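One structure is given below, encoded as structure tokens.
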Amino acid sequence: MGANIVLGAIADDFTGATDLANNLVRGGMRCLQVIGVPSKEIDLGEIDAVVVALKSRSCPVDEAVADSLAALDWLRQQGARQLFFKYCSTFDSTDQGNIGPVADALLEALGANQTVMVPAFPINGRTVYQGHLFVGDRLLNDSGMQHHPLNPMQDADLVRVLARQTPHSVGLANRAALAQGADATRAHLSVLAKQGIRHVVCDSLDEQDLDVLAQATVLMPLVTGGSGLGQALPAQYRAQGWLDTISEPGRLAPASGGALVLSGSCSRATLAQVADFLAKYPDGGFALDPLALAQGEQQQQQALAFARRRLSSNEPVLIYASAEPDKVKTAQVSLGVERAGLLVEAALSQLAITLVNEGVGRLLVAGGETSGAVVSALGITTLRIGEQIDPGVPWTQAPLPGREAPLSLAPLSLALKSGNFGGVDFFTRAFEVLA
Ligand code: ADP
């Protein structure tokens, strides 16, 4: 071990981890995302920040706390100077947790008496004023998030929301305090600490507020929030002399190998991206249908043959189950929602394994669940974060120890896009960014 990373982050879900990692790179840190707490030693020689991706957003509280503490333990062993607990910019949680209980457990383990809550992500329209979270011009509880299937957010007052999740006192650092600057904000936080206030919800309307907060909190053992704060912190690490100026923190090894897009997302943005790809490459796509997949191996074999043919002449390939809502409904009525999804995920995962083993070196996956299935089928546990393709979606690179020589020498370039992310030309432009 003996690595000396600057920042260690614990993210409560996979795409949230990537979002934070992406912003840390943009702030100037060389960043690695690990999926779960690593079970074996990994080389962190050239790494400034590690984000551990957990699945702790909606699981039982005890599990979220235990997993987060295990991640904390591992990150401290890697020398992390500051810890960051990352959750969604819409503060996704319930009265049971998991934000409050996880933050309390991390504070206790660190022997710290206070942390900040900074969910704001102003460029994505998430701002906080007088402790109230806005999505665009709507309060959180009027933004659509009040209907979320797992964590309906029915209160925009984060001080009140968090107070229901923790036995400790919750306070506020409002815009008026931030307007006085970083020193005054730090003084305000320490006054609150003397009053026994353990959690401080912080206003932030724009990047400037996040800069003030980053400066005021850089010496706190633990900060919590969204990826907006993540982009502001690296400049403060440089000011502390903890981090060098790195010219290309997102620089990855040159990409090589065939280009493949696998899409299991039926979100509106993805459907437009599929259509855009097919307009550019009318013979470049193969559609999978869960009803056909349920009949046996035949359709998957046809997709494989199709992909091999195009890859052998160096042309990009799209294999997609993405379909319009009525078609999805038909499959779901006949097969059940879960079975339809699993059939698609299994087919795309198997295609990924075979084609990556045969030389695909640049892989795009569309769909949050789909990405999780493909990454786990490929046995990937670490992702080095590269350049951003579109907001929140970077290229990444993963070592693939299982690949046969000589391919085993080349890392796999991988971009994982959840549902509504990415511009309409994402499936083609991503490969141009990589070149
Ligand atoms: P998103 O990020 O857009 O929500 P996900 O991959 O998370 O995408 O979820 C999409 C789900 O829909 C996956 O479980 C996938 O297997 C399933 N699916 C994809 N295509 C179809 C289809 N044609 N019919 C039914 N289910 C589908």
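It should be emphasised that the depicted structure is a prediction, and the values quoted were computed from it without experimental measurement. Start at 1 and go down the list; that is how both ligands and their atoms are numbered.
Annotation: Gly368 places an N or O atom under 3.5 Å from an N or O atom of ligand 1; distance criterion only. For Glu369, a nitrogen or oxygen atom sits less than 3.5 Å from a nitrogen or oxygen atom of ligand 1, counting backbone and side chain alike. Close N/O approach between Ser267 and ligand 1 is found [any backbone or side-chain N/O within under 3.5 Å]. The shortest N or O to N or O distance between Ser265 and ligand 1 is under 3.5 Å.
Of the protein's heavy atoms, Ala321 O, 2.9 Å lies nearest to atom 23 (N) of ligand 1. At the top of the distance list for atom 8 (O) of ligand 1, counting protein heavy atoms only, stands Gly367 CA, 3.3 Å. Protein heavy atom nearest atom 13 (C) of ligand 1, with residue, atom name and distance: Glu345 OE2, 3.4 Å. Among all protein heavy atoms, the one lying closest to atom 12 (O) of ligand 1 is Gly264 O, 3.8 Å. Here the heavy atom of the protein found nearest to atom 6 (O) of ligand 1 is Thr370 OG1, 2.6 Å. If you check which protein heavy atom lies closest to atom 24 (N) of ligand 1, you get Pro290 CG, 3.4 Å.
Panel note: side chain Thr396, backbone Leu414; a donor-acceptor pair is recorded below 3.5 Å.
Lys55 and Asp67 are not joined by a salt bridge, as no carboxylate oxygen comes within less than 4.0 angstrom of a charged side-chain nitrogen. Looking at Arg175 and Asp209, a side-chain N of the basic residue comes within less than 4.0 Å of a carboxylate O on the acidic one, giving a salt bridge.
Within the 4.5 Å cutoff, the side chain of Thr127 has no heavy atoms near those of the Phe121 side chain.
Ring geometry for Phe427 versus Phe277: interplanar angle over 60°, hence perpendicular rather than tilted (30 to 60°).
Residue nearest to atom 17 (C) of ligand 1, selected from Ser371, Ala331, Gly341: Gly341 (by heavy-atom distance).
Side-chain contact, Asn22 with Gln388: a donor N or O sits under 3.5 Å from an acceptor N or O. Using modelled atom types and a 3.5 Å distance limit, the side chains of Ser89 and Arg126 yield a donor-acceptor pair.
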Original post:
Asp390 and Arg429: salt bridge (charged side-chain N to carboxylate O under 4.0 Å, His left out), yes or no, with the steps?
Top reply: CA-CA 10 Å; Asp390 273 327; Arg429 204 166 42 76; 2.7 Å; yes

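Expressed to the nearest 0.5 Å, how far CG of Leu162 lies from CG of Asp155 amounts to 11.5 Å. Here Glu345 contributes atom CD and Ser376 contributes atom OG; the two are 10.0 Å apart, rounded to the nearest 0.5 Å.
Atoms of ligand 1 lying under 4.0 Å from at least one heavy atom of Val344, given by number and element, are 16 (O), 19 (C). Applying the 4.0 Å criterion to heavy atoms of Gly419 picks out, from ligand 1, the atoms 1 (P), 2 (O), 3 (O). For ligand 1, the atoms closer than 4.0 angstrom to any heavy atom of Cys266 are 19 (C), 20 (N), 21 (C).
Heavy atoms of Lys327 stay at 4.0 angstrom or farther from ligand 1. Distances from ligand 1 to the non-hydrogen atoms of Val328 include at least one value under 4.0 Å.
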